[in-house]
Amino acid sequence: HLYTMDCCIYKSLCRALRGDKFNQGHAEMNSEQKQAWVEECNKWYTFVWYLQKALLEIPSDPQILFRGIASNPEKRNKIIDLYSVGQVVHWPAFSSTSLDRKVAAN
């Protein structure tokens, strides 16, 4: 759980992976913001490379997991429509999930 601990690693790595503004697309960043983001990413390049290499060594463990999604019915339905039962999902990010549907619903 090192990645998600509330410490300097978590905050800096999140900035590098997501950009300074969590919901802002890279196309919307000005050149100064893009340069700062590139510099932040470069700081973490080696760490992310080794992290990815280690994650690829973990065997797949198919199971049913739950993740909270948008409460707006229209947005929720668009997300649900992207997936089907039995589909293997590769989520290229760190996200919280739960084996317990009630936890994900909160």
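What you see is a predicted model, and the numbers here were worked out from it, not measured in a lab. All residue numbers in this chain count up from 1 along the given sequence.
By the side-chain contact (heavy atoms from CB on, under 4.5 Å) test, Lys75 pairs with Ala70, Asn72, sequence neighbours left out. Residues satisfying the salt bridge (Lys or Arg N to Asp or Glu O under 4.0 Å) criterion with Glu74, sequence neighbours excluded, are Lys78. Partners of Gln52 according to the side-chain contact (heavy atoms from CB on, under 4.5 Å) rule, which considers only residues two or more places apart in sequence or in another chain, are Leu56. Partners of Glu57 according to the side-chain contact (heavy atoms from CB on, under 4.5 Å) rule, which considers only residues two or more places apart in sequence or in another chain, do not exist here. By the side-chain contact (heavy atoms from CB on, under 4.5 Å) test, Arg76 is found to be paired with Ile69, Pro73, Ile80, residues two or more places apart in sequence or in another chain being considered.
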- Query: For Leu65 and Gln63, what are the C-alpha separation, side-chain angles and deciding distance, and is it a side-chain contact (heavy atoms from CB on, under 4.5 Å)?
  - Reply: CA-CA 6 Å; Leu65 298 172; Gln63 55 188 300; 4.1 Å; yes
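Among all heavy-atom pairs drawn from Ser98 and Ala104, the shortest one is CB-N, 4.5 Å. Annotation for Ile64 and Leu99: closest pair O-CD2, 3.6 Å, computed over non-hydrogen atoms.
Asn30 and Glu32 share no donor-acceptor pair across their side chains, judged by distance under 3.5 Å alone.
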List, one per line, each side-chain donor-acceptor pair under 3.5 Å for residues 42-51, sequence neighbours excluded.
unit_1: Asn42; atom_1: ND2; unit_2: Val38; atom_2: O; d: 3.4
unit_1: Trp44; atom_1: NE1; unit_2: Ser12; atom_2: OG; d: 2.9

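Rounding to the nearest 0.5 angstrom, the gap separating the CD atom in Gln87 from the CG atom in Leu82 is 8.5 Å.
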